[in-house]
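Here's the structure, in structure tokens; my notes come after.
These numbers come from a predicted model, not from an experiment. To find a chain, count down the sequence lines: A is the first, B the second, and so on, and within it residues start at 1.
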Protein chains: 2
Amino acid sequence: MSAEDNLLKLVEAEEPDENDYRLQEQVGFILRKAHQRHVSIFAAHIADLTPPQFAALAKLRDVGETSQNQLGTLIAMDAATVKGVIDRLRARGLVDLSKHEVDKRRLLVNLTAEGRDAVERLIPLAREITQETLAPLSAKEIATFMKLLAKLA
Amino acid sequence: MSAEDNLLKLVEAEEPDENDYRLQEQVGFILRKAHQRHVSIFAAHIADLTPPQFAALAKLRDVGETSQNQLGTLIAMDAATVKGVIDRLRARGLVDLSKHEVDKRRLLVNLTAEGRDAVERLIPLAREITQETLAPLSAKEIATFMKLLAKLA
DNA sequence: TTGATATCATTTGCATACGAACGAATTTCG
DNA sequence: CGAAATTCGTTCGTATGCAAATGATATCAA
């Protein structure tokens with residue numbers, strides 16, 4: 001088949017040009033990069049905690065004692081992932097675990113005093129992280145972006 | 001200090017209310033969820049390859065033979081990560097490796113015939129993945145969102 | 001009541017992701 | 001030229017993230 005035939009077929013079928021797939025313009029690729037950038041900014045401000053670890057602490061501050069699975073649901077982590085995160089926070093004395101009195105399947109997670117202090121101390125830094133992540137955008141752009149991003153998540 | 005004093009201090013200094021940090025509204029948290037959703041959509045369309053693996057193949061299709069590190073730069077992966085990705089693609093016969101004739105430090109990566117076939121076959125699916133990821137947005141919103149997301153990445 | 005289902009948590013295996021340390025090769029510069 | 005700095009790749013350790021399998025407990029329904 002000649003190049004002209006190819007072009008013709010393309011036009012007739014209104015197919016996208018397969019030779020013109022640009023990785024750098026795909027949402028998934030840019031989303032991955034934006035996420036990487038945020039994690040990097042986070043690490044620069046809060047060196048001794050990861051974003052998921054901070055998310056767990058911040059959410060526990062909101063809702064108080066919850067089961068491990070429930071916490072996972074609240075911060076968008078599956079059971080296997082949340083277990084690892086909680087284990088590490090527990091090893092550092094930031095949360096503690098106890099068994100549910102009634103439902104013996106459940107593992108209750110709570111902030112320790114130290115954990116509570118840590119969240120309170122870190123929240124101002126978390127605000128800075130959010131600001132710095134959004135710094136390339138104007139106030140108006142931020143409002144628009146957050147609205148659209150929320151729709152995608 | 002009384003609660004009223006606290007409130008007064010807050011208003012005077014125009015400080016954010018520390019009791020009002022909402023994890024669910026932070027860019028980082030939503031960015032992480034949006035990325036998770038995209039990976040999930042990707043997996044539903046392309047089961048036997050991960051987004052980073054596909055990114056490596058798609059980029060190799062663009063630029064042809066490159067060094068492992070250079071490829072990593074192009075697809076936003078550090079040296080350690082790209083090595084793992086390429087190792088797995090190589091084990092499956094989708095890329096092959098060779099030594100740079102002149103610069104003996106460099107490891108050249110190339111698509112195999114099978115690898116090239118795979119990318120060409122998968123690109124239409126990748127377009128669908130992009131579409132489905134952006135499906136919650138209108139055409140106009142997509143244009144806006146992509147512009148702003150690119151600024152953040 | 002009991003048998004089927006569902007839920008909670010754990011474990012294993014695999015795949016990113018990155019910092020840090022390292023050796024080998026190359027480039028820069030005094 | 002030759003020492004210092006840089007680049008390329010590898011390895012190790014740690015931390016998500018998820019699928020799948022499993023065991024324990026709880027709930028539902030016949």
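- Distance CZ (A:Phe42) to P (D:dT16): 10 Å, rounded to an integer number of Å.
- Taking only side-chain atoms of A:Arg88, from C-beta outward, the nucleotide of D:dT16, C:dA17, D:dC12 with the closest atom is D:dT16.
- The nearest whole Å value for the distance from the CG atom in A:Leu71 to the P atom in D:dT16 is 13 Å.
- A distance-only check finds a donor-acceptor pair linking the side chain of B:Arg37 to the backbone of A:Leu152 [under 3.5 Å].
- Of the residues in residues 23-40 of chain B, those placing a heavy atom less than 4.0 Å from an atom of DNA chain D are B:Arg32, B:Gln36, in numerical order.
- Listed by residue number, the members of residues 89-102 of chain B with any heavy atom below 4.0 angstrom from DNA chain D form an empty set.
- Side-chain atoms of B:Gln24 come within 3.5 Å of backbone atoms of A:Leu74 as a donor-acceptor pair (strictly under, hydrogens ignored).
- Rounded to whole Å, the distance from CE on B:Met77 to P on C:dA15 is 14 Å.
- Two residues are said to be in side-chain contact when any heavy atoms from C-beta on lie closer than 4.5 Å; A:Val119 and A:Leu122 fail this criterion.
- The side-chain heavy atoms of B:Val39 and B:Gln36, taken from C-beta on, include no pair separated by under 4.5 Å.
- Counting heavy atoms of neighbouring residues, nucleotides and ligands inside a 6.0 Å radius, atom CZ of A:Arg92 exceeds 12 of them.
- At least one donor-acceptor pair under 3.5 Å links the side chain of A:Gln53 to the backbone N or O of A:Thr50.
- The B:Lys104 side chain lies nearest to C:dT26 when the options are D:dT16, C:dT26, C:dA15.
- Linking ILVMFWY side-chain heavy atoms closer than 4.5 Å, directly or via other members, places A:Leu137 and B:Leu137 in a single hydrophobic cluster.
- In this structure a side-chain-to-backbone donor-acceptor pair under 3.5 Å is missing from B:Gln70 to B:Ser67.
- The phosphate of D:dT16 has neither OP1 nor OP2 within less than 4.0 Å of any side-chain N or O from A:Thr81.
- Not one N or O on the side chain of B:Arg106 forms a donor-acceptor pair closer than 3.5 Å with the backbone of B:Lys99.
- Between the C1' atom of D:dT11 and the CG atom of B:Asp87 lies a distance of 12 Å, rounded to the nearest Å.
- With hydrogens and angles ignored, the 3.5 Å screen pairs a side-chain donor or acceptor of B:Arg32 with a backbone N or O of A:Ala76.
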Problem set entry | nucleotides 3-9 of chain C: protein proximity per nucleotide (B base, S sugar-phosphate only, - neither; heavy atom, under 4.0 Å) | ----BSS
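- In this structure a side-chain-to-backbone donor-acceptor pair under 3.5 Å is missing from B:Glu128 to B:Leu125.
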